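Here's the structure, in structure tokens; my notes come after.
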Protein chains: 2
Amino acid sequence: MAEAKGPVWARNDREPRRRTLSRESIVYAAIALADRDGLDAVSIRSVASWLDVRPMSLYGHVSSKDDLLDLMFDQIAGQNVLGDQLPQHWRTALEAIARRTRDQGLAHPWTIELMTDRIQLGPNTLRVLDEWMRAVAPLSVSTEAAWTIVTAVNDYTVGYVIRVVAQRRAVPSDARAAGEWTATVNSYLTERADSGDHPHIAPLLRHGFATQPDSFEAGLSWILDSIEQSHAGPTSAGAAGR
Amino acid sequence: MAEAKGPVWARNDREPRRRTLSRESIVYAAIALADRDGLDAVSIRSVASWLDVRPMSLYGHVSSKDDLLDLMFDQIAGQNVLGDQLPQHWRTALEAIARRTRDQGLAHPWTIELMTDRIQLGPNTLRVLDEWMRAVAPLSVSTEAAWTIVTAVNDYTVGYVIRVVAQRRAVPSDARAAGEWTATVNSYLTERADSGDHPHIAPLLRHGFATQPDSFEAGLSWILDSIEQSHAGPTSAGAAGR
DNA sequence: TGGCTTACTGATACACCGTATCTATTAACG
DNA sequence: CGTTAATAGATACGGTGTATCAGTAAGCCA
């Protein structure tokens, strides 16, 4: 499977006869590793040794590491489909998808690293995209307008996840190192606050950014409020298009 | 300089006597490489050979590659400070910073990869943060409320940049490979569209997502509209707090 | 001017990475 | 049963960050 042509999801790989290994088990193992130790811990060698298999055996099921990463992403995306549980009201539906996207990003932080690498268009990802568009369908606006709404909400959500994840990642996971890090950074931040160079963020520097309450919902409802105002009556479910 | 304690910006490295090399020149070289060939092209060895210097010589000025990356990020962030040119009206100011952030993200796509790695708090980054807060100061709301506004706008902007960058990155830079990629992906997408599995995105799949008009401003003004409604009179500059 | 401090050279080494290649084995299907 | 194809297993190449150590050369201070 060394002659890959285009992205995984755009190919039509004949499935191998398989004995013990399978594409699925490889993807699951890789996801488990990524969830536990981060994306850097996912290597062909580490996945293979986790499966008690020789590294090169994986290449019978995935043609490259990039393929494996794409498959991992799409696997997670598949868990983000609400299906029947998608609320009918467009606003409630958008909220549900946005929250789910947020939850999944926080649960699998490595997915956002893959989002920055290249656009993902696997079947499950398309399913999620379809659901975004289904959510706004009741507004009965043009495809273009619907896409603008969807990208706005999605972009905000992704940006939020990135910020929170980056915040978490900065502090070392080892408890001892974490304490040291916090001490070093705090003293740096208070030094910066005392310097007077940053008058408008002095309180933030002194109390730490992390202590700020979560404001995901605030930003989300700001976006949705405006959409509601421009595309529908304040209480309507959206039948009044145009 | 092999005994790093905490992030670069939180340390107080005595500056070396330097003959030919300098921390600055290393950072500039690394940025040039990243801009041209992406973040993966930045390695200790590649930067060194670009500067016509032996790899290990760099460690006299930066104590690790991560440090170098952080310094690169903060260097770019420094170019994002508007200073005197920051508009006085809070909304215009936020728009200016958001657009600048977007432009810089698109110009140096590798910066967003660093954002996902760990939170950046270098001096220039703090300066930018200070400017965000300065922009909303005329609203004279609580620090907490101001932070909510800033993060909302910033999160949206970062999410937007990520999506656009990922879209650009997916297609290979080599013209020949790009054509092949587009053909493969397009036929995959139309196959998906024909499958009927994704009824709500069929038009998007058929015409390609890339043909959708840019909607950064739309999402931005949605957020700002709501902020305006909840925190100030529609035309006021914001003196009427609360 | 002499000598000490420091910056850089240069080589080597370690442990990792993705993956190409080749051979030998082993199981499943026709 | 024999063929076919999947897997095992080993080895190799060129890349990575970075530790280590010995040698050299330039700057600063006494």
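Scope of the values below: all heavy atoms of this structure, side chains included, with no hydrogens, waters or symmetry mates. Within every chain, numbering begins at 1; the chains are lettered A, B, ... in the order of the sequence lines, protein sequences first and strands thereafter. Quick caveat: nothing in here was measured; it's all calculated off a predicted structure.
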* Structure fact -> When rounded to whole Å, the CG to P distance for the pair A:Asp66 and C:dC17 reads 16 Å
* Measure from CG on A:Leu68 to C1' on C:dC17 and round the result to the nearest Å. => 14 Å
* Asked: Separation of A:Leu58 atom CG from D:dG9 atom P, in whole Å?
  -> 14 Å
* Asked: Counting any heavy atom closer than 4.0 Å, what does A:Ser43 reach on the DNA or RNA strands: base, sugar-phosphate only, or nothing?
  -> sugar-phosphate
* Asked: Do B:Arg169 and A:Asp117 meet the salt-bridge criterion of a basic N to acidic O distance under 4.0 Å?
  -> no
* Asked: Whole Å only: how far is the CD1 atom of A:Ile44 from the P atom of C:dG18?
  -> 6 Å
* Return the set of residues passing ring-ring contact (aromatic ring centres under 6.0 Å, His included) with B:Phe73 (not counting sequence neighbours), or none when no residue passes. => none
* **A:Arg23/A:Asp67 ion pair, N-O < 4.0 Å** => no
* A:Tyr59 OH to C:dC17 P: how many Å, rounded? -> 11 Å
* Fit a plane to each ring of B:Phe216 and B:Tyr156, take the angle between them on a 0 to 90° scale, and name the class: parallel (under 30°), tilted (30 to 60°) or perpendicular (over 60°). => parallel
* Asked: Between atom CZ in B:Arg54 and atom P in D:dT24, what is the gap in whole Å?
  -> 16 Å
* Asked: Taking A:Tyr160 for the side chain and A:Ser215 for the main chain, is one N or O donor matched with an acceptor at less than 3.5 Å?
  -> no
* To do: Determine, stepwise, if the pair B:Arg206 / B:Asp194 fulfils salt bridge (charged side-chain N to carboxylate O under 4.0 Å, His left out).
  => CA-CA 9 Å; B:Arg206 258 183 264 271; B:Asp194 292 341; 2.8 Å; yes
Please tabulate, one pair per line, each protein N/O and nucleotide N/O from nucleotides 11-15 of chain C that are separated by under 3.5 Å, including the distance.
none

* To do: Provide, to the nearest angstrom, the distance between the CG atom belonging to B:Asp52 and the P atom belonging to C:dA7.
  => 20 Å
* Asked: Whole-Å distance between C:dG18 P and A:Lys65 NZ?
  -> 4 Å
